[in-house]
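Working notes, structure below.
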Amino acid sequence: MNITKIIEKKKDNKELNKDEITYAVNAYVMGIISDAQMSSLLMAICINGMNLDETYFLTKAMIESGNVIDLSSIDGIKVDKHSTGGVGDKTSLVCLPIVAACGVNVAKLSGRGLGHTGGTIDKLESIKGFRSDLSEEEFIRQVKSIGIVDAEQTKQIVPADKKMYALRDVTGTTRSVPLIASSIMSKKLAAGADKIVLDVKTGSGALITDFEESMNLAKMMVMLGKMFNKKTIALITDMNEPLGDSIGNSLEVKEAIRTLSGIGNKRLTDLCLTIASYMVSMGKDISLKEAKKQVEDALTSKRALNKFKEFVSYQGGDINQIKESKYSYDILSNQDGYVRDINETMLAMECLSMGSGRINKDDTIKHGVGMIIKKHIGDYVSKGDVLVTVYYDDKKVNDNNVLKSFMLSSTKSEGFPLIYTVIE
Ligand code: URA
């Protein structure tokens, strides 16, 4: 095989075959082809796309670059969920214990923050003592014992994605439907769950901002699930404003605990209940209506909250010791009006600048930093009202950027729907 010919073929917008795709992935993992060659191929894919067959072969080659976790020794259906990433997206922290409290096994591998979007593992590690580096044996033992686990993807799971994602991150090749679909689905399929619920974010703060393209991504991932014999559904959900009240690792863990205590932000609670209902419906093979009843009961009875505490403590964390920032201060509105829009990407970038995520791969995260958003789309703001409370350690945010992120108008905005559609 000749990698130059493969790159030129995709550059000429021709369909690649299974052997060409498999060769490119394997040769890259083995170091036979260079970063320059792979990034050239990735850019050609970004520009000319890939059809479903090509994306299937890419996903398959990526899965086969590493191990597949065998969960067959665990009784019952195992369900997994994944979000394509957003600002303030702490749904996994809330959904997983709800689903486990309903008696459905949850086996999840999660990632760390990417760019301006956060990652579940970084969030969980803001709980002192929490261990995310579980071995495969520990992972399986925990599901058998308490019905819920969330650990970091190991080096043996889809090594091709680890290497390709790092390259995509620095070569402007993240925003591509076939590349995102194969990256996410290879990890989900290798993690071994029987059924998968995907939360595909759309809107200004999402990786894919355009609605039609988000639909294409969702459809492609659902089709890939089907081709690999794993029932997969995708919800297309809004990411035009931060999800919930907080951005930043430990603030989001605290918000998840408030939500599990029944006193969370309504939009976040509604989304978590919906995703959890789909997971329970698929896990127990019951109607969505019956699943919703069970999910609401798990939340109101506090069984989900107790399951979260059990899960955290099983992985070594102490729920009473969540890392905190050193200082905080309020940013006040300098005008009156209804909040019409919030630039959540700008807010997330400000959080990133305080250390909530990594700008360079090896940066150390400051778990306590971030912001709590006090006004949401549709709320009325008077001059002098608190828009956000900033939590910081050494570096504050640019207050002006935060003020500019809130667009006010004299008329009340309806805001954005929470869930646009579900692809089954
Ligand atoms: N999340 C992933 O795991 N991969 C992508 O390509 C994008 C989001």
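Atoms within a ligand are numbered from 1 in the order they appear, just like the ligands themselves. Since the structure is predicted, the reported quantities are computational estimates derived from the model, not experimental observations.
- Distances below 4.0 Å separate heavy atoms of Lys187 from the following atoms of ligand 1: 2 (C), 3 (O), 4 (N).
- Using cut-offs of 30° and 60° for the angle between ring planes, the Phe130 and Phe311 rings count as perpendicular.
- Residues Gln294 and Lys284 have side chains that bring a donor and an acceptor to within less than 3.5 angstrom of each other.
- Taking CD1 from Ile33 and OH from Tyr23, the interatomic distance works out to 6.5 Å, rounded to the nearest 0.5 Å.
- When each atom of ligand 1 is checked for a heavy atom of Ser183 under 4.0 Å away, the hits are 2 (C), 3 (O), 4 (N), 5 (C), 6 (O).
- Considering backbone and side-chain N/O of Arg168, one or more are found under 3.5 Å from N/O of ligand 1.
- Taking the centre and axis of the six-membered ring of Tyr28, the NZ or CZ atom of Lys163 falls inside the cone set by 45° and 6.0 Å.
- Checked by distance only, ligand 1 and Thr174 stay at 3.5 Å or farther apart across all their nitrogen or oxygen atoms.
- Checked against a 3.5 angstrom limit, the closest N/O atoms of Thr84 and ligand 1 fall outside it.
- Counting atoms of ligand 1 from 1 in the listed order, those under 4.0 Å from a heavy atom of Leu207 are 7 (C), 8 (C).
- A side-chain donor-acceptor contact under 3.5 Å links Lys123 to the backbone of Asp89.
- Among all heavy-atom pairs drawn from Asn240 and Asp341, the shortest one is O-OD1, 3.8 Å.
- Proximity to Tyr165 (heavy-atom distance under 4.0 Å) selects the following atoms of ligand 1: 4 (N), 5 (C), 6 (O), 7 (C).
- Residue contact check: Ile184 has heavy atoms under 4.0 Å from atoms 1 (N), 2 (C), 3 (O), 4 (N) of ligand 1.
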